[in-house]
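In what follows, a single structure is set out as structure tokens and then discussed.
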Amino acid sequence: MDLSGTRIDPSLLRRLGVEPGVATLLQFSTAFCAPCRAVRRVSGEVAALVPGVRHVEVDAESHLDEVRELGVWRTPTLFVLDADGRVVKRATGVPTKPHLIATLAEILPAT
């Protein structure tokens with residue numbers, strides 16, 4: 001399911017703990033997923049480096065309705081969301097820090 005360009009329902013985002021912001025790295029994880037820890041580390045570092053970016057990690061098993069609605073079939077799955085909750089990029093596996101920063105550069109306001 002390709003959600004690129006799709007605006008996710010704001011009520012669904014609220015249920016997942018996503019608040020309005022400049023950009024959000026929305027990560028779906030499971031308890032025993034080793035790559036999920038790597039995505040948490042990379043996403044957290046990027047969020048700390050890039051102003052206005054938030055990282056929200058969601059336990060996929062605790063949010064099965066939302067997981068189904070978004071078509072998350074494996075963990076880790078990472079959505080890069082713009083300020084309007086639109087999906088800019090979706091990735092499974094562990095992205096590199098430069099890759100995430102480049103993706104965010106496409107949607108962040110120029111400073």
Side-chain angles (χ1 to χ4, degrees):
M1 173 189 297
D2 181 20
L3 294 175
S4 294
T6 302
R7 184 170 187 259
I8 297 176
D9 182 337
S11 67
L12 186 151
L13 291 175
R14 276 192 302 280
R15 290 194 310 269
L16 295 172
V18 176
E19 298 173 10
V22 177
T24 302
L25 302 173
L26 176 60
Q27 175 184 346
F28 287 87
S29 300
T30 49
F32 297 105
C33 166
C36 294
R37 290 189 289 280
V39 174
R40 177 185 313 125
R41 182 183 49 75
V42 170
S43 296
E45 288 173 4
V46 169
L49 278 172
V50 182
V53 175
R54 273 185 246 171
H55 173 237
V56 176
E57 186 174 9
V58 174
D59 175 32
E61 296 173 86
S62 299
H63 293 87
L64 291 177
D65 290 338
E66 293 82 2
V67 161
R68 287 185 193 102
E69 190 169 338
L70 294 173
V72 174
W73 303 113
R74 62 179 56 105
T75 57
T77 294
L78 183 69
F79 291 91
V80 178
L81 307 175
D82 69 10
D84 295 322
R86 217 172 258 102
V87 178
V88 175
K89 185 91 170 169
R90 173 194 176 128
T92 57
V94 183
T96 65
K97 200 183 312 187
H99 219 141
L100 273 182
I101 291 170
T103 300
L104 289 165
E106 297 172 19
I107 60 171
L108 293 173
T111 54

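With Val50 as reference, Leu108 is the one residue of Leu100, Leu108, Leu25 to meet the side chain to side chain contact (heavy atoms under 4.5 Å, CB included) rule.
The ring pair (Phe, Tyr, Trp, His ring centres under 6.0 Å) analysis of residues 13-60, with sequence neighbours excluded, yields the pairs Phe28-Phe79. Applying the salt bridge (Lys or Arg N to Asp or Glu O under 4.0 Å) test to residues at least two apart or on different chains, none of the pairs has a partner in residues 22-36. Counting only residues at least two apart or on different chains, no salt bridge (Lys or Arg N to Asp or Glu O under 4.0 Å) pair has a member in residues 21-36. Screening residues 86-108 for ring pair (Phe, Tyr, Trp, His ring centres under 6.0 Å), with sequence neighbours left out, gives no hits. Pairs passing the salt bridge (Lys or Arg N to Asp or Glu O under 4.0 Å) check and including a residue from residues 16-38, sequence neighbours excluded, read Glu19-Arg54.
Minimum heavy-atom separation, His63 to Asp59: ND1-O, 3.2 Å. Taking each heavy atom of Gly52 and Val22 in turn, the nearest pair found is O-CB, 3.4 Å. When every heavy atom of Ile107 is checked against every heavy atom of Ala23, the shortest pair comes out as CD1-CB, 3.9 Å. Among all heavy-atom pairs drawn from Val67 and Ala60, the shortest one is CG2-O, 3.6 Å.
Applying the side-chain hydrogen bond (donor to acceptor under 3.5 Å, both in side chains) rule to Thr103 yields no partners; only residues at least two apart in sequence or on another chain are considered. Evaluation of the side-chain hydrogen bond (donor to acceptor under 3.5 Å, both in side chains) rule for Thr75 yields Thr30 as partners, not counting sequence neighbours. For Arg15, the side-chain contact (heavy atoms from CB on, under 4.5 Å) partners at least two apart in sequence or on another chain are Ser11, Leu12, Glu66, Glu69. By the salt bridge (Lys or Arg N to Asp or Glu O under 4.0 Å) test, Arg41 is found to be paired with Glu45, residues two or more places apart in sequence or in another chain being considered. When the side-chain contact (heavy atoms from CB on, under 4.5 Å) test is applied to Pro35, the partners found at least two apart in sequence or on another chain are Cys33, Pro76, Val94. When the side-chain contact (heavy atoms from CB on, under 4.5 Å) test is applied to Pro51, no partner is found at least two apart in sequence or on another chain. By the side-chain contact (heavy atoms from CB on, under 4.5 Å) test, Asp65 is found to be paired with Arg68, residues two or more places apart in sequence or in another chain being considered.
The CD1 atom of Ile8 lies 12.0 Å from the CG atom of Asp84; values are rounded to the nearest 0.5 Å. The OG1 atom of Thr77 lies 10.0 Å from the CG atom of Leu70; values are rounded to the nearest 0.5 Å. Remark: Arg40 CZ to Leu78 CG distance equals 12.5 Å, nearest 0.5 Å. Of the inter-residue distances, the one linking Thr24 atom OG1 with Leu16 atom CG reads 11.0 Å to the nearest 0.5 angstrom.
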Tell me, with the steps shown, if Leu26 and Val87 meet side-chain contact (heavy atoms from CB on, under 4.5 Å).
CA-CA 10 Å; Leu26 176 60; Val87 178; over 6 Å; no

